[in-house]
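First comes the structure, then the notes that go with it.
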Amino acid sequence: MIKGDPVKLLLVAVIGAGVLVSGQARADTRTDVLCQNNTGDDERINAAVAASAPGDELVLNGTCLINGTVRLVGERTYRGLSRTGTVIRQAPGANLDAMLASDSYLDDVPWTGAPVTIRSLTLDADRDNNPAAHDALVLRSWQTVVEDVVVRGATRHGIRVTNLSANRVALTNTQVNGRIVGSHVAGSGQRGVFAEDVAGAEGTGNSVTDWQLLDNWIEDSGTEGIGLDNAAGWLVRGNHVYGVGRVALWAERLYGSSISDNYLEDFGEAGIRVSVQGEAASTIGGNRVFDFGGGTGTFLQARTNYGTGNLVVTGNTVRGNGSGVGLDYQRGPGTALVVASTGNLVTGVTTARQVGAGVTVSTGV
């Protein structure tokens with residue numbers, strides 16, 4: 001017989017049995033969902049989600065054929081067995097707005113959803129058989145983690161982080177501190193990864209900030225490999241983006257942002273395109289920006305949105321195929337742009353560096 005403080009003994013029992021809910025221990029915090037590769041799979045998954053509780057892990061097993069959106073309720077983990085062991089496939093003709101989506105997106109509420117974690121599975125959007133579909137994964141939840149996920153064949157965007165709901169209700173609070181890491185997004189009709197932060201009548205335009213986009217592979221996107229409406233506070237590092245219709249990495253409104261050690265190749269218009277806000281400074285460093293397919297675009301271009309933008313551009317490698325502009329610094333609609341530009345190797349282009357009026361370029365201190 002174990003003797004001791006009854007409260008401490010109860011805590012030991014709870015830790016061994018599960019989690020404590022309303023004073024009662026729940027023995028199991030994991031729910032296994034066995035998919036059957038038919039269009040009842042989204043109902044099976046959503047029923048398991050509805051029956052779950054905060055802190056639960058839902059483990060999806062097998063091929064899941066869906067013709068309805070899977071609802072991502074917050075404070076839960078959604079895990080597959082592996083990238084090949086769990087494949088969620090959009091049924092032909094389903095034409096979903098989203099395959100998986102945060103509950104706050106589906107419910108049209110003006111606040112961000114609670115954190116979710118999604119890992120170790122594949123989303124097959126099957127764009128050829130779903131021409132009117134939109135996105136594979138839609139996130140409207142803060143402190144959210146996407147890890148070791150494959151997204152292929154989205155008709156529009158592979159992964160979309162948004163401040164709008166399904167019916168375009170804008171957030172009135174923030175959606176910060178998320179991570180998208182170690183994932184592979186392939187064959188998206190528009191953007192591979194898209195951070196949508198709409199301003200103006202529909203939204204504040206300053207909600208989706210301070211995320212991390214790390215060590216992902218993004219290939220064959222129709223418009224942008226990575227497109228960030230608001231890159232304030234973002235860390236974009238170690239991504240390999242290739243085979244892009246327009247811009248490999250397009251990041252607006254840099255504010256204390258870092259874009260580093262990315263490998264960007266074969267794009268139509270630009271390798272890195274950024275705009276800078278007028279208060280904080282940002283850094284673009286150690287990127288490899290190559291275009292061996294004969295593109296004539298700009299490899300790295302920057303402008304200021306308002307005030308005086310401050311930017312460090314250092315240690316980047318640009319390799320062209322005989323044409324285009326290597327580094328392009330412009331004032332834009334702002335007052336001025338101050339750039340510390342040093343240690344960049346630019347070869348194989350027509351113009352190594354282009355500096356517009358109102359731009360000050362130095363080697364820094």
Side-chain angles (χ1 to χ4, degrees), residues 190-195 213 218-231 234 236-237 239-254 257-277 281-305 309-334 336-363:
Q190 293 186 24
R191 299 170 182 89
V193 176
F194 178 35
L213 185 62
I218 303 170
E219 63 172 303
D220 296 336
S221 302
T223 56
E224 285 78 55
I226 299 168
L228 310 178
D229 281 355
N230 189 348
W234 278 67
V236 182
R237 186 185 67 208
N239 302 286
H240 187 185
V241 182
Y242 51 100
V244 182
R246 294 187 60 200
V247 181
L249 197 168
W250 191 340
E252 294 286 343
R253 298 154 64 186
L254 269 62
S257 310
S258 177
I259 298 173
S260 65
D261 300 299
N262 300 286
Y263 181 20
L264 313 170
E265 55 177 332
D266 296 334
F267 46 84
E269 290 182 13
I272 299 175
R273 177 181 289 170
V274 303
S275 66
V276 185
Q277 307 293 71
S282 295
T283 302
I284 301 174
N287 300 286
R288 293 148 290 160
V289 190
F290 301 162
D291 195 347
F292 297 128
T296 59
T298 302
F299 287 74
L300 193 160
Q301 55 187 165
R303 72 182 191 283
T304 303
N305 288 323
N310 290 274
L311 186 65
V312 174
V313 180
T314 182
N316 299 284
T317 304
V318 167
R319 292 295 306 275
N321 195 33
S323 61
V325 177
L327 307 176
D328 185 16
Y329 304 138
Q330 301 296 325
R331 179 182 61 195
L337 175 63
V338 177
V339 185
S341 180
T342 184
N344 301 294
L345 176 65
V346 181
T347 58
V349 298
T350 305
T351 304
R353 191 171 77 183
Q354 184 169 275
V355 179
V359 178
T360 303
V361 179
S362 72
T363 58

task = Decide side chain to side chain donor-acceptor pair (under 3.5 Å) for Arg246 and Thr223; before the verdict, give the C-alpha distance in whole Å, the side-chain angles of both, and the deciding distance to 0.1 Å.
result = CA-CA 5 Å; Arg246 294 187 60 200; Thr223 56; over 6 Å; no

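In terms of the side-chain contact (heavy atoms from CB on, under 4.5 Å) criterion, residue partners of Thr283 (sequence neighbours excluded) are, by chain and number, Val312. Partners of Tyr329 according to the ring-ring contact (aromatic ring centres under 6.0 Å, His included) rule, which considers only residues two or more places apart in sequence or in another chain, do not exist here. For Asp220, the side-chain contact (heavy atoms from CB on, under 4.5 Å) test picks out no residue, with sequence neighbours left out.
Side-chain contact, Arg273 with Gln301: a donor N or O sits under 3.5 Å from an acceptor N or O. A donor atom on one side chain and an acceptor atom on the other are found under 3.5 Å apart for His240 and Glu265. Side-chain atoms of Glu252 and Ser275 form a donor-acceptor pair, as typed in the model, at a separation below 3.5 Å.
Side-chain atoms of Asn316 never come within 3.5 Å of backbone atoms of Val289 as a donor-acceptor pair (strictly under, hydrogens ignored). For Thr314 (side chain) and Gly285 (main-chain N/O), no donor-acceptor pair under 3.5 Å exists by modelled atom type. For Asp266 (side chain) and Phe292 (main-chain N/O), a donor-acceptor pair under 3.5 Å exists by modelled atom type. Proximity of a side-chain donor or acceptor of Thr363 to a complementary backbone N or O of Thr342 within less than 3.5 Å is not detected.
Residues Gln354 and Val325 come closest through the heavy atom pair CB-CG1, 4.0 Å. A pairwise comparison of heavy atoms in Ser221 and Arg191 identifies OG-C, 4.3 Å as the closest pair. Across all non-hydrogen atoms, the minimal contact from Arg253 to Asp229 is CD-O, 3.4 Å. Counting all heavy atoms, side chain and backbone alike, Leu311 lies closest to Ala302 at CD2-CB, 3.7 Å. The two residues Thr350 and Ser323 come nearest to each other via the heavy atoms OG1-CA, 3.1 Å. Between Leu254 and Ser257, the shortest heavy-atom contact is CA-OG, 3.5 Å.
Of the inter-residue distances, the one linking Asp328 atom CG with Arg353 atom CZ reads 11.5 Å to the nearest 0.5 angstrom. Note that the OG atom of Ser260 and the CD1 atom of Ile284 stand 10.5 Å from one another [nearest 0.5 Å]. Annotation: the span from Ser282 atom OG to Ile259 atom CD1 amounts to 7.5 Å, rounded to 0.5 Å. Going from atom OG1 of Thr360 over to atom CG of Leu337 covers 8.0 Å, rounded to the nearest 0.5 Å. For the atom pair OG1 of Thr351 and CG of Leu327, the computed distance is 11.0 Å after rounding to the nearest 0.5 Å.
Aromatic rings of Tyr263 and Tyr242 (six-membered ring for Trp) have centroids beyond the 6.0 Å cut-off, not under it.
Considering Asn262, Leu264, Val193 in turn, Leu264 is the only one that fulfils the side-chain contact (heavy atoms from CB on, under 4.5 Å) rule with Val241. Evaluated for a ring-ring contact (aromatic ring centres under 6.0 Å, His included) with Phe267, the options Trp250, Phe290, Phe299 yield exactly one hit, Phe299. The one candidate from Thr304, Asn305, Asn310 that meets the side chain to side chain donor-acceptor pair (under 3.5 Å) condition with Gln277 is Asn305.
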